2 protein chains.
Amino acid sequence: MTKQQQIIRRLLEQSETHPTAEELYWEAKKEMPNISMGTVYRNLGQMAEEGSIVRLHFPGQPDHYDKTIHPHDHAICVKCGAISDVELSSLKSMIEDTLSVDILSYELNIQCVCNACQSKAS
Amino acid sequence: MTKQQQIIRRLLEQSETHPTAEELYWEAKKEMPNISMGTVYRNLGQMAEEGSIVRLHFPGQPDHYDKTIHPHDHAICVKCGAISDVELSSLKSMIEDTLSVDILSYELNIQCVCNACQSKAS
DNA sequence: ACAGAAATGAGAATCATTCCTAAAGAGGTG
DNA sequence: CACCTCTTTAGGAATGATTCTCATTTCTGT
């Protein structure tokens with residue numbers, strides 16, 4: 001495991017949000033000024049592939065990465081862009097009960113107005 | 001409504017799959033050889049925005065378009081790429097019951113091995 | 001210390017999608 | 001029909017996230 005990998009992994013682990021590759025890149029750059037975007041993308045890609053992190057896809061914006069690999073879903077606020085974790089515990093079994101196919105994975109993304117923005121807007 | 005719009009709309013309506021913009025473009029080109037990609041994208045984008053069609057997002061591939069606007073979800077086969085409609089009728093209310101926020105929309109995409117590919121693989 | 005394997009940095013390449021602009025088209029009015 | 005205005009189009013350039021390439025650097029095992 002290289003120094004770059006350690007930094008990327010630690011930064012994601014420490015993050016309370018669901019950062020993009022670019023956000024992690026700028027953070028990493030503070031510790032290792034000549035780290036490259038390619039390295040950040042490559043490592044995040046590998047970690048996602050091996051399952052030690054999760055890659056999140058939201059329409060019209062760059063992918064985000066999630067340190068939490070325990071199955072859960074996400075809601076994104078259309079006003080502030082904040083992404084929050086959502087627990088829909090029975091969803092997986094509900095899908096499996098409904099469909100008669102092998103489910104490999106699924107991604108549920110909810111567009112909402114978060115509580116903070118909801119209060120402000122009033 | 002222009003001729004281009006009519007063609008795009010009709011082709012999507014006739015389609016049994018969930019075509020991409022490019023697939024619709026090549027189909028449209030058979031009827032109107034100098035229609036442009038920009039026109040296809042622009043019209044699909046407008047229709048999706050006004051809600052008369054639905055835009056589907058799958059990781060790592062171009063967006064697909066769905067003529068069916070009735071709320072439903074999608075499963076994509078990781079072997080053949082086929083996209084099928086899935087009815088999970090109680091999902092919306094389940095999400096709304098669980099979260100205490102205004103849900104504007106959501107997208108659930110399931111990765112699976114479809115029945116056809118499952119049979120073949122045995 | 002040294003050979004071979006793996007990872008990096010820098011930047012080029014890719015590819016879906018959007019944007020730009022001059023030209024063409026549609027609609028309304030007299 | 002002729003004129004004007006607003007909208008849409010075709011074609012191509014621009015964008016932006018991501019991946020790829022490859023020469024160089026770093027790691028690993030002996």
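Protein chains get the first letters and strands the later ones, always in sequence-line order, with residue 1 at the start of each. The structure presented is a predicted model; accordingly, all values stated were derived computationally and were not measured.
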- Query: Which residue lies toward the 5' end of DNA chain C, Met1(B) or Lys3(A), if each is placed at its nearest nucleotide?
  - Reply: Lys3(A)
- Note on the structure: Considering only heavy side-chain atoms of Asp63(B), the closest of dT8(D), dT17(C), dG11(D) is dT17(C)
- Rounded to whole Å, the CD-P distance (Glu23(B) to dA16(C)) equals 11 Å
- Task: On DNA chain C, check which nucleotide each of Tyr65(B) and Lys29(A) is closest to and give me the residue with the more 5' one.
- Result: Lys29(A)
- Task: Can you tell me the distance, in whole Å, between the CD1 atom of Ile7(A) and the P atom of dT8(C)?
- Result: 11 Å
- Query: Is the number of heavy atoms from other residues, nucleotides or ligands within 6.0 Å of CD (Glu49(A)) greater than 12?
  - Reply: no
- Query: Under 4.0 Å between a side-chain N or O of Gln4(B) and OP1 or OP2 of dA10(D)?
  - Reply: yes
- Taking CE from Met37(A) and P from dT18(D), how many angstroms apart are they, rounded to a whole number? 8 Å
- Item | Atom-to-atom span, CD of Gln61(B) to C1' of dA17(D) - whole angstrom | 17 Å
- Note on the structure: From the candidates dT18(D), dT8(D), dG9(C), the one with an atom nearest any side-chain atom of Arg42(B) is dT8(D)
- Query: Ile35(B) CD1 to dA24(C) C1': how many Å, rounded?
  - Reply: 15 Å
- Candidate nucleotides dT8(C), dA10(D), dA16(C), ranked by approach to the side chain of Ser36(B) - the nearest: dA10(D)
- dT7(D) C1' sits how many Å from Asn43(B) CG, rounded? 12 Å
- Message: Quick check for you: among dA16(C), dT18(D), dG9(C), whose closest atom lies nearest to any side-chain atom of Arg55(A)?
- Response: dT18(D)
- Item | From Gln6(B), Arg10(B), Gln4(B), Lys3(B), residue fulfilling side-chain hydrogen bond (donor to acceptor under 3.5 Å, both in side chains) relative to Glu31(B) | Arg10(B)
- Knowing that exactly one of His64(B), His74(B), His57(B) qualifies, which makes a ring-ring contact (aromatic ring centres under 6.0 Å, His included) with His18(B)? His74(B)
- Query: Any side-chain N or O of Thr2(B) under 4.0 Å from OP1/OP2 of dT9(D)?
  - Reply: yes
- Determine, using the 4.5 Å side-chain heavy-atom cutoff (strictly less than), whether Ile76(B) and Leu108(B) are members of one ILVMFWY cluster. no
- Task: Report the distance from atom CD1 of Ile8(B) to atom C1' of dT8(D), rounded to the nearest whole Å.
- Result: 11 Å
- Gap between atoms CD and P, on Gln46(A) and dC20(D) respectively (whole Å): 12 Å
- Message: With a 4.0 Å limit, can you tell me whether Tyr41(A) has a side-chain N or O closer than that to the phosphate oxygens OP1/OP2 of dT18(D)?
- Response: yes
- Task: Start with the C-alpha gap between Lys29(B) and Glu23(B), add the side-chain angles, then the distance that decides, and say whether salt bridge (Lys or Arg N to Asp or Glu O under 4.0 Å) holds.
- Result: CA-CA 10 Å; Lys29(B) 215 170 171 60; Glu23(B) 287 165 353; over 6 Å; no
